[in-house]
Amino acid sequence: MVSQLFQIRAWKCIVRFRGLALALVVCTYLLATIPVNTGPGLVNPEPMSPFLNGNLPETFVLDVSDLKLEPAFGLTFSTVMDMTAAPRSTEFYVMERSGRIRYADRSLSTPSKILFLDISARTWTGQDSGLMGMAFHPDYNLPGSPNRNYLYVYYITNISGTQYYRLSRFTRNESTQVADPSSELIMIEQQLGPTLHRGGGILFGLDGFLYLSIGDLGWQEQSQNITDRISGCVIRIDVDQQGGAVSHPVRRKLEDVGQGSSGLNYYIPNDNPFLDTAGGVFEEYYTLGNRNPHMMTLDSVTGKIYIGNVGSNSGDKREEVNIVASGANFGWPFREGINDRPDLMARPGTIIGTLTDPVLNYPHQSGDRSIIGGFIYRGDAIPLLQGKYVFGDYGSGRVWASNLINNQRELIGTVPSGDLISFGQDQDGELYLGVTGNRSLYRIQGSSGGVVQVPPALLSQTGAFQDLI
C-alpha cells in the first residue's frame with residue numbers, strides 16, 4: 001500500500017512539472033525512499049558485547065593486592081631456561097641451562113628433584129646459550145603409541161670450536177624411566193655466528209606439529225631471508241613424517257648452503273606458507289622477522305601461540321609480544337614493535353609474508369629490557385587472571401598481567417631474587433617462574449580481586465571511528 005501511494009505521488013509530479021528531467025529527479029528520490037518505509041534496516045540484529053565488541057577499550061585495572069610470588073616445591077634449580085608438564089603425569093620438568101633436565105612430582109607433599117636427562121657434556125653455555133627448551137611428543141605416556149617415549153630438545157653445542165644450535169629427539173628408557181643421552185637423533189644442526197639471540201621456544205601445537213622459535217643468531221638482516229639460513233623465525237615441522245596429504249620430505253637443506261645439516265627425521269607440512277617445489281627456500285619457515293623469540297607458549301584453550309620477542313638495546317628499544325600466524329612477518333630488523341628502524345635496515349620493497357603488528361609492545365624504562373614471554377592463564381586458583389597474558393621482564397624482574405589491548409598491563413610483583421628468565425605451566429594451568437642462579441622456582445599465589453572496566457573519556461579514544469573530522 002505504501003509503495004502504491006508513492007507511485008501515485010511520483011506520477012502526479014511528472015504531470016505537474018511537465019519537465020522530463022525534473023520528473024526523473026523527483027521520481028528517483030521518492031523511489032529511493034521506498035525500502036526505508038517498507039522494511040527494517042537491521043535484518044538480523046545482534047546484541048553487542050560490552051564496550052562495542054572490544055573496539056571501546058577498557059581501562060585495565062586489576063586488584064592484585066593479595067597476589068604474591070612465593071617459592072615453589074621447596075627445591076632449588078640452576079638457571080632455569082624452560083619448564084613444562086609431562087602429558088598424562090603429575091611430573092613437572094625443569095630445563096637447566098647447564099644441559100640437565102630434572103623433574104619433581106607435584107602429587108607429593110615433599111617432592112624431590114630427579115635427574116631425567118644430562119647432556120651437559122655436549123651443551124655449550126656461552127653468552128645467550130645453553131639448553132634452551134624441551135617439548136614432549138603429544139603421545140608421551142600414551143600406552144601403545146610408538147611415540148610414547150619421545151622428547152625433543154633444543155640446545156647449543158660446540159663442535160671443534162664452532163657453535164651450532166641443535167634440534168634433537170631423545171628417547172626415554174622405559175625400564176629406568178629417564179631419557180637416554182645416547183639415544184640422540186639430530187634433526188637440525190645450524191652453524192652459528194655471534195653468540196647472541198638463540199630463541200628457544202619449543203612446543204607442539206594443537207595441530208600436532210612441532211614449533212620452534214629461533215633468533216636471528218646475531219645476523220639481523222637474515223630475519224628477512226628464507227633462503228640462506230634457518231634463523232629469525234618460527235619453524236613448523238611434522239616429526240611424525242606422515243606424508244601424503246599432510247606433509248612431504250624436505251627439499252632444501254642446510255647442507256645445500258654449507259651451514260650444517262637439516263631435514264633429518266621430519267617432513268614439511270603441506271600447508272606451511274613458504275613452499276617451493278624447486279627447493280629454493282627453506283620450507284620449515286612458518287613466521288619470519290623475529291629478533292630473539294626467547295619464549296613461545298601455547299594457549300591450551302584457543303590454540304594460539306604467543307612469543308615474547310626480545311627487543312634491541314639501541315635506538316627505539318621496544319619489547320613485544322607476537323601471535324604466531326602462518327606467513328606472519330614481524331618486521332625485524334626494518335621494524336621493531338610498531339616503529340620502523342631505518343637505522344638498522346631499510347624497509348624492503350617487497351615484504352616476504354604478511355607484515356604483522358605485535359599485540360603488545362613497550363619501551364625500555366625503569367629498568368625494563370628483555371621481555372620474558374609468559375602464558376595465557378588458565379588455572380583455577382586465581383580467577384582474576386583467567387584469560388590474561390602473564391609475562392615478565394628480565395631486566396627489571398617485574399611480572400605483569402595484560403588483556404593485550406592497547407598495551408595495557410598491570411604489575412603483579414617482582415621476583416624476590418635472581419633474574420627472571422622463564423615461565424612454566426603445570427597440568428592445572430598454574431604458573432611458575434624460573435630465575436638465574438641456584439634458586440627456587442616461584443609461583444603466583446592469591447585469589448581475590450577483579451577487573452575494573454572504565455570507558456574512555458573521549459570519543460576519539462574508542463577506536464569506533466576511523467575519521468572524526
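Looking at R236 and D207, a side-chain N of the basic residue comes within less than 4.0 Å of a carboxylate O on the acidic one, giving a salt bridge.
If you check the side chains of D240 and Y266, you find no donor sitting under 3.5 Å from an acceptor. For the residue pair S98 and R100, a side-chain donor N or O sits within less than 3.5 Å of a side-chain acceptor on the partner. With hydrogens and angles left out, the side-chain atoms of H197 and D128 include no donor and acceptor closer than 3.5 Å. Side-chain contact check for E319 and N361: no donor-acceptor pair (N or O, by modelled atom type) lies under 3.5 Å.
Taking all atoms of both residues into account, the shortest heavy-atom contact from D180 to S183 is O-OG, 2.6 Å. The two residues G373 and Y389 come nearest to each other via the heavy atoms CA-OH, 3.3 Å.
The residue from K253, Q190, Q191 that alone fulfils the side-chain hydrogen bond (donor to acceptor under 3.5 Å, both in side chains) condition with Q259 is Q190. The salt bridge (charged side-chain N to carboxylate O under 4.0 Å, His left out) with R335 is formed by just one residue from the set D343, D357, D340; it is D357.
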Between Y285 and E283, is a side-chain hydrogen bond (donor to acceptor under 3.5 Å, both in side chains) present by the stated rule, with each step listed? CA-CA 5 Å; Y285 276 82; E283 297 179 323; over 6 Å; no

Audit row: Y140, R172, side-chain hydrogen bond (donor to acceptor under 3.5 Å, both in side chains) steps and yes/no: CA-CA 10 Å; Y140 193 80; R172 175 184 59 177; 3.3 Å; yes

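The side-chain heavy atoms of I376 and R378, taken from C-beta on, include a pair separated by under 4.5 Å. V250 places a side-chain heavy atom less than 4.5 Å from the side chain of E284. Looking at Q163 and S129, their side chains never come closer than 4.5 Å, going by heavy atoms from C-beta outward.
Side-chain rings of F73 and Y432 approach one another, their centers coming within less than 6.0 Å.
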